[in-house]
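Values below: every heavy atom of this structure, side chains too, minus hydrogens, waters and symmetry copies. The sequence lines fix the lettering, A, B, ..., with proteins before strands; numbering per chain opens at 1.
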Amino acid sequence: MEDKPPAAIGENGWVYMVLATGPSGDGGAAREPSFLLQRADATGAPAAPAAVVSSADLPAAVAALEEPSLRWVWEGTRRSYLPLLRAGTTVERCHDLSLTRELLVLSQYAADTGYIRALRADSGRRPAEQPHRDDEQDQFTLFDQQPPSATIGAVLQELQDQLAAVAGSPRRERLQLLVAAESAGALVAAEMERAGLPWRRDVHEEILTRLLGPRPRPGQRPARLDSLARELYRLLGVPAFNPDSPQELLRALHRADIEVRSTRSWELREHRHPAIGPLLEYKKLARLASANGWEWLESWAGEGRFRTEYVVGGVVTGRWASRGGGGLQIPQQVRDAARADEGHRLVVADASQLEPRILAALARDDALAAAARGRDLYQGIADVGFGGDRAKAKVAMLGAMYGATTGESGRLVPQLARTYPRALATVERAARAGEAGEVVSSHLGRGCPEPSPAWRRAQLSATAEEQRRADAAARSRGRFTRNFIVQSTAAEWALCWLAEVRRRLRASAASGTFIGELVFFLHDEVVLHVRQDQADAACALVAEAAADATRLMFGRIPVEFPVSIAAVDSYAEAK
DNA sequence: CGTGTCAGCGCG
DNA sequence: AAAGCGCGCTGACACG
């Protein structure tokens, strides 16, 4: 069944080059740190004497050793690779020890080795997260990212242990691909952080001024918000209050006989009162001013590029998180400020309805695959079972993947189950497993976390009230695991896509045609900044990479994963 | 004074 | 139209 061609980013036969901190570390010495470069074979066994290189010489040494069949091995990609990038050195592939460790500790596909058992025993005792160090360090200390005690021997040993845990896996191909894709993603993340999303300060400022008025003095409310606030006082018939305070706002609404339980926009929208319109506008604009206003612009995008730190594997499902600037939450309101440079274009591509297509592939649901054959999966579903009502079909599908139980969404799910029993059975099975305290897995073997000891204890509780709460917690975990199998596999598809886009961009550059670079990634969407005369080539490349991702993940299956691709000047023009 | 939590809302 | 998954960030607010 799995007659896949060799997995381009997950295949065998690599040699490794370990980059570790050198022997200088005697603790706080003022000496320039040095580094060890140790070649190792496909099992991680050392294959040559280690070379010692100074920090200043490292980028050149890495560039000189780089070759197509080599994976660079380091503890953390961002810390090791960003300084190399700043020096103009890139590498084709790597093996990120830290990311691989996090994958293996939760993966049901990892071989049952001593290393894996020790990791799991340790993760029970380990505090959840090491505190994040703000890096205002210089280049030298940025290189110095290994744990102080990690000798080259220990790093080599862990590499061997990780490779053995993958090689001995009952699903070796899948796990290999997952490990390779995760590390490839880490390279992309560092490169995108360095590149940044092209950002026009003047365009952003024009948007802010148009919507909010001129930039206010620090601590002052923008003019437009100020006038909306005064209008609210008048319409609600209450003296001045702070609309930014949920408590004060709630009290003001109640005094005007608007009986809301919260100040959420969706609840406000259900009421008819002259103040509701201006209040919703106030909330929208206040959000813009605080989250993506002038201060945000100066802090994160002032120099012509928006830069955020991507946290690879930062979400349990394998999605990326971000740190700084709300990197993955750029609102539509300001996306027009993301503009291609002169002589360039942005190529914006997103995978259409990725998650339901992933579900079709996971469940081998031929009926759902058939509905997915067209460009618009939801319309395909609607035409079969929902009288052509696309909105209903979409709500039903999302409800099935999220575990909706009430409302219209919950009501429509059974209708979906009649047409796509295999797909629904797949998410139901994941939900039941989660409720029972079991773990579930993505297609390539990313495991979801175990329930906490407190969760397990609560399931055995005695009193009726405790039992009720435990049942609610069980259902909550069921919704999590139900969604996990879909979201995590979708994240894997996107990671393979991203890695293939990068591989093709590099191959093209190596053969003399520089097309452009990846500059942004958002779960199921990529943005490239490309030379204007290469825009068509870039679009084709992105489409081919999507086909590669599907083949890498699932081999030959009847499910299509179309991507919509546009070459534009402004990010706002796309979709 | 700083730190942690909550409400709310942005993104997928 | 509804409130089901995953995140990060802000201002308000409570607390030490």
Centre of F561(A)'s six-membered ring, under 6.0 Å away, within 45 degrees of the axis: is that where NZ or CZ of R357(A) sits? no
Any side-chain N or O of [X] under 4.0 Å from OP1/OP2 of [N]?
X       : N       : value
S265(A) : dC9(B)  : yes
N483(A) : dG4(C)  : no
S245(A) : dC13(C) : yes
T406(A) : dA3(C)  : yes
K284(A) : dG10(B) : yes
R479(A) : dC5(C)  : yes
K392(A) : dA1(C)  : no
T263(A) : dA7(B)  : no

Less than 6.0 Å separating the ring centroids of W296(A) and H204(A)? yes
Check: Q329(A) side chain, dG8(C) base, donor-acceptor under 3.5 Å: yes
Please confirm whether any donor atom in the side chain of R319(A) sits under 3.5 Å from an acceptor in the base of dG12(B), or the reverse.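 Indeed, a donor on one side and an acceptor on the other fall under 3.5 Å apart.
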Name the nucleic acid region contacted by [X], choosing base, sugar-phosphate or nothing; use a 4.0 angstrom heavy-atom cut-off, strictly under.
X       : answer
S290(A) : sugar-phosphate
V395(A) : base
G327(A) : nothing
V316(A) : sugar-phosphate
Q487(A) : base
L354(A) : nothing

Taking [atom1] from [X] and [atom2] from [N], how many angstroms apart are they, rounded to a whole number?
X       : N       : atom1 : atom2 : result
L359(A) : dG4(C)  : CG    : C1'   : 15 Å
Q247(A) : dA14(C) : CD    : P     : 5 Å
R475(A) : dC5(C)  : CZ    : P     : 12 Å
N242(A) : dT10(C) : CG    : P     : 17 Å
N292(A) : dC9(C)  : CG    : C1'   : 10 Å
F484(A) : dG12(B) : CZ    : P     : 22 Å
L328(A) : dC9(C)  : CG    : C1'   : 12 Å
R482(A) : dG6(C)  : CZ    : C1'   : 15 Å

Heavy-atom nearest nucleotide on DNA chain C taken for W266(A) and for G314(A); more 5' hit belongs to W266(A)
With respect to the side chain of [X], which nucleotide from [options] is positioned closest?
X       : options                  : value
R264(A) : dG6(C), dG8(B), dG4(C)   : dG8(B)
T317(A) : dA7(B), dG8(C), dG6(C)   : dG6(C)
S262(A) : dG12(B), dG4(C), dG8(B)  : dG8(B)
E525(A) : dC9(C), dG12(B), dC7(C)  : dG12(B)
P246(A) : dC5(C), dG12(B), dA12(C) : dA12(C)
Q332(A) : dC9(C), dA7(B), dC11(B)  : dC11(B)

Parallel, tilted or perpendicular: ring planes of F480(A) versus F484(A), cut at 30 and 60 degrees: perpendicular
Which pair of non-hydrogen atoms, one from L225(A) and one from A289(A), has the smallest distance, and what is that distance? CD1-CB, 4.2 Å
State, to 0.1 Å, how close L236(A) and A252(A) come at their nearest heavy-atom pair, and which atoms those are. CD1-CB, 4.2 Å
Considering Watson-Crick and G-U wobble pairs with both distances under 3.5 Å, what does dA3(C) pair with? none
Between atom CH2 of W294(A) and atom CD of E205(A), what is the distance when rounded to the nearest 0.5 Å?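 Nearest 0.5 Å value for the CH2-CD distance: 9.0 Å.
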Intermediate values then yes/no, side-chain hydrogen bond (donor to acceptor under 3.5 Å, both in side chains), S442(A) and E492(A): CA-CA 8 Å; S442(A) 72; E492(A) 285 164 354; 2.4 Å; yes
